[in-house]
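First up is the structure itself, then whatever we jot down about it.
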Amino acid sequence: MCGIVGYVGKENALPRVLDGLNFLEYRGYDSAGVAYFTNGKIKITKEVGRISVLEKKLPKDIYTNMAIGHTRWATHGEASKINSHPHRQGKFTVVHNGIIENYAELKKELKKAKVKFISETDTEVIPALLNYYYQQEPNILKCIQKLKNKVTGSYALGIICDDDQDHLYATRCGSPLIIAKAAKGNFIASDVPAILKYTNKYYLLDEYEIAQISMNKITIYNADLKEITKEELTFAGQAESILLNGYEHYMLKEIHEEDQVFLDTFNYYVTDNKFKKTMPHLKNYRQIHIVACGSAYYVGLIGKFLIERLAQIPVTVEVASEYRYQENFYNKQTLVIIISQSGETADSLAALRKAKEDGIDTLAIVNVIGSSIAREATYTLYIKAGPEIAVATTKAFLAQTTLMALLAIHISNRLDLLKHFNGLEQKIKYLLQQDYRQYAKAIYQEENIFYIGRQMDYALCLEGALKLKETSYINGVAYQAGELKHGTISLIKENTPVIGIATEAKVMAKTISNIKETKARKAQVILITNQDVPDKCYDKLIMIPKVHEIVSPILTVIPLQLIGYEVAKLRGCDIDKPKNLAKSVTVE
Ligand code: M6R
């Protein structure tokens with residue numbers, strides 16, 4: 001969602017802020033803006049659309065030591081110049097990521113104090129409040145501190161004040177923010193990729209902490225304005241890991257990293273067919289709730305089947321945005337597992353906090369190190385996918401599925417199954433090398449595509465259908481194969497595209513009959529399977545190497561991802577940045 005970058009230093013701030021915003025493009029946005037000081041005066045430039053549009057509007061010869069920038073994903077008010085950030089009131093200029101829930105009430109209050117608002121945004125109340133407090137006592141740190149008890153919702157804020165042109169200020173609650181230290185200046189940013197071109201040293205800002213940042217110094221205060229020392233973190237990967245490296249799109253690059261991501265995740269937890277100490281003790285839990293959103297939720301469905309089959313523990317899988325509002329029948333032996341690539345998804349974070357409030361242990365499966373979900377869970381297990389830039393998740397899905405399978409083995413103590421992971425990277429490589437364009441060509445002009453399968457194959461159908469929806473804007477719809485005959489089969493007619501997935505031995509015969517039912521109605525069937533099947537039931541066939549069911553979903557998802565990619569390419573879509581979508585959904 002919205003991205004924040006700020007810089008104060010000896011070098012020109014604007015190109016650094018714009019570079020950072022470009023690296024945050026993957027978060028999704030529909031307008032962008034910057035604010036900077038020149039000759040002691042604030043300048044603000046905002047534009048609807050891409051950062052390149054904004055860049056064209058900025059004077060070429062500006063040299064400034066401090067700037068803040070923002071990419072906005074519209075929530076309150078349409079994508080327009082006025083609603084874009086930075087927002088300014090009085091002496092304060094602010095960029096914001098998150099949602100101010102009580103903004104209407106605050107606006108009402110501030111209007112009584114003669115404050116005039118020009119945008120429809122929730123954000124504008126923040127500079128207005130800061131300016132209001134500043135008029136009462138001109139102490140910037142104290143003004144920022146007061147936000148804590150006044151504002152409800154989530155925020156990461158970059159703040160500058162006309163009266164202090166040497167310092168950039170930042171604070172957060174609920175939305176992520178890092179502070180980074182470079183050789184000739186310092187940064188604030190929503191995420192690490194924004195600063196990697198200049199530095200890999202950074203600090204994570206915790207809830208309500210306030211950073212006061214000058215050219216040479218970063219001072220961090222806790223909520224009581226006591227100066228604190230933070231641990232300096234180093235991003236271990238190469239900056240190149242977030243560059244395209246010759247691939248046309250991040251989505252394709254990230255899919256092609258999957259053999260390595262699998263190995264890195266597996267080797268992080270297992271050595272010599274035994275678990276390392278990186279796995280927590282989880283054997284006393286008698287009931288598991290898996291909570292997540294989007295693709296991470298589908299990984300949860302795969303996890304349910306694996307854990308229930310191996311460990312005989314009941315598992316329910318819930319969409320995070322529903323979880324906190326429903327009755328959850330847990331007890332002290334319940335473990336709540338939250339799956340999230342970004343570790344910042346607002347719905348998943350809220351579900352985690354709800355479980356914690358209820359005294360329930362939580363386990364987070366996360367990619368982004370130090371993210372909110374990773375930090376707040378009782379146990380955290382990282383997947384080793386590296387930075388994922390494309391909005392459509394691919395390598396993180398594969399790594400999460402790998403880790404779910406390892407978790408099922410760990411909980412059930414079925415160490416004998418670890419041998420099925422050996423050499424799987426070669427099979428992943430084999431699938432990555434196949435040409436999926438012929439399948440894409442068969443379906444890319446369709447508007448509705450059916451995915452059918454049972455059990456874990458159904459979870460994979462959901463993922464395949466989502467990949468298609470989000471990157472190609474085709475209505476991919478997943479059905480449990482056995483459910484078709486209870487209504488949906490009425491939609492199948494001549495040439496209706498159906499992608500059937502049949503890899504689960506237990507339900508193979510039944511799934512094949514369901515696929516035949518669609519073929520009998522002249523559907524155009526692409527079958528993904530790992531067994532020889534009667535050739536009358538498909539038009540095109542994708543063979544997956546036959547492996548144990550514990551690792552089978554890790555392979556089956558690859559053709560689904562690559563078909564999604566190839567279809568989007570044939571339709572000329574903006575593959576890495578689909579419309580209306582954000583990489584990390586930090587609003588509920
Ligand atoms: O960062 P998270 O894993 O918590 O994100 C969850 C979903 O928003 C995410 O999986 C989304 O569905 C992806 N765009 C799917 O490709």
Side-chain angles (χ1 to χ4, degrees), residues 1 26-28 73 174-176 190-191 193 249-252 254-255 258 261 290-303 317-323 336-353 362-377 380-383 385-401 403-404 459-474 476 478 557 560-565 567-568 573-588:
M1 302 227 123
Y26 69 92
R27 295 169 70 89
W73 189 81
S175 302
S190 300
D191 201 356
H249 297 101
Y250 280 109
M251 184 178 175
L252 187 64
E254 287 160 4
I255 294 172
E258 289 182 332
V261 162
I290 302 179
V291 188
C293 304
S295 294
Y297 168 78
Y298 306 148
V299 173
L301 290 176
I302 294 172
V317 192
E318 308 284 350
V319 166
S321 52
E322 296 290 316
Y323 190 70
V336 172
I337 300 180
I338 308 283
I339 309 174
S340 174
Q341 184 285 128
S342 62
E344 300 293 350
T345 300
D347 290 320
S348 306
L349 183 58
L352 171 97
R353 287 179 176 162
T362 55
L363 182 152
I365 294 183
V366 176
N367 190 31
V368 178
I369 295 169
S371 53
S372 303
I373 292 174
R375 283 188 285 165
E376 293 188 24
T380 295
L381 297 180
Y382 285 110
I383 54 165
E388 193 178 60
I389 304 295
V391 165
T393 186
T394 53
K395 61 176 180 171
F397 183 97
L398 185 130
Q400 287 162 342
T401 306
L403 189 45
M404 278 314 304
L460 290 160
C461 285
L462 288 163
E463 176 59 6
L466 184 63
K467 289 285 94 64
L468 206 64
K469 279 190 266 235
E470 58 184 347
T471 60
S472 304
Y473 318 133
I474 293 178
V557 75
L560 296 169
Q561 295 172 339
L562 281 163
I563 289 174
Y565 172 80
V567 169
C573 297
D574 191 353
I575 297 181
D576 289 331
K577 298 184 286 282
K579 65 180 178 200
N580 301 338
L581 295 183
K583 179 68 182 164
S584 168
V585 184
T586 50
V587 294
E588 281 180 50

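The basis for the numbers below is simple: all heavy atoms, side chains too, and nothing from hydrogens, waters or symmetry mates. Just follow the structure's listing: the first ligand is 1, and inside any ligand the first atom is 1. All of these numbers come straight from a predicted model, not from anything done at the bench.
- In terms of the side-chain contact (heavy atoms from CB on, under 4.5 Å) criterion, residue partners of Val261 (sequence neighbours excluded) are, by chain and number, Glu257, Thr265, Ala385, Lys395, Ala399.
- Counting the atoms of ligand 1 from 1 in the order shown, those under 4.0 Å from a heavy atom of Val391 are 13 (C), 14 (N), 16 (O).
- At a heavy-atom cutoff of 4.0 Å, ligand 1 is contacted by no atom of Glu344, backbone or side chain.
- In this structure, the separation between CG on Leu363 and CD1 on Ile373 is 12.0 Å, given to the nearest 0.5 Å.
- Between Lys583 and ligand 1, a contact under 3.5 Å exists for no N or O pair.
- For the atom pair OH of Tyr298 and CG of Leu460, the computed distance is 11.5 Å after rounding to the nearest 0.5 Å.
- Remark: Ile302 CD1 to Leu462 CG distance equals 9.5 Å, nearest 0.5 Å.
- The one candidate from Thr471, Leu468, Leu560, Leu252 that meets the side chain to side chain contact (heavy atoms under 4.5 Å, CB included) condition with Tyr565 is Leu252.
- Paired with Ile365 under the rule side chain to side chain contact (heavy atoms under 4.5 Å, CB included), one option of Ile338, Thr380, Ile337 passes, and it is Ile337.
- For ligand 1 and Ala296, the ligand atoms under 4.0 Å from any heavy atom of the residue are 3 (O), 10 (O).
- Which parts of ligand 1 touch Thr345 is read off a 4.0 Å heavy-atom cut-off, strictly below it: atoms 1 (O), 2 (P), 4 (O), 5 (O).
- Atom 8 (O) of ligand 1 has Val585 CG2, 4.1 Å as its closest protein atom, hydrogens excluded (heavy atom only).
- Listed by atom number, the atoms of ligand 1 under 4.0 Å from Ala392 heavy atoms are 16 (O).
- Nearest protein heavy-atom neighbour of atom 3 (O) of ligand 1: Gln341 N, 2.6 Å.
- Each of the atoms 15 (C), 16 (O) of ligand 1 lies under 4.0 Å from some heavy atom of Lys467.
- The protein heavy atom nearest to atom 9 (C) of ligand 1 is Ser295 N, 4.1 Å.
- Compare Ala390, Cys293, Ser371 by their heavy atoms: the one nearest to atom 6 (C) of ligand 1 is in Cys293.
- With contacts defined as side-chain heavy-atom distances shorter than 4.5 Å, the pair Thr401/Val557 does not qualify.
- Summarising the geometry, atom NZ belonging to Lys583 is positioned 10.5 Å from atom CG belonging to Asp191; distances are rounded to the nearest 0.5 Å.
- Here is the list of ligand 1 atoms found below 4.0 Å of a heavy atom in Glu470: 13 (C), 14 (N), 15 (C), 16 (O).
- Taking every non-hydrogen atom of Leu466 and a distance limit under 4.0 Å, the qualifying atoms of ligand 1 come out as 12 (O), 15 (C).
- Less than 4.0 angstrom separates some heavy atom of Ser342 from each of these atoms of ligand 1: 1 (O), 2 (P), 4 (O).
- Side-chain contact, Ser295 with Glu463: a donor N or O sits under 3.5 Å from an acceptor N or O.
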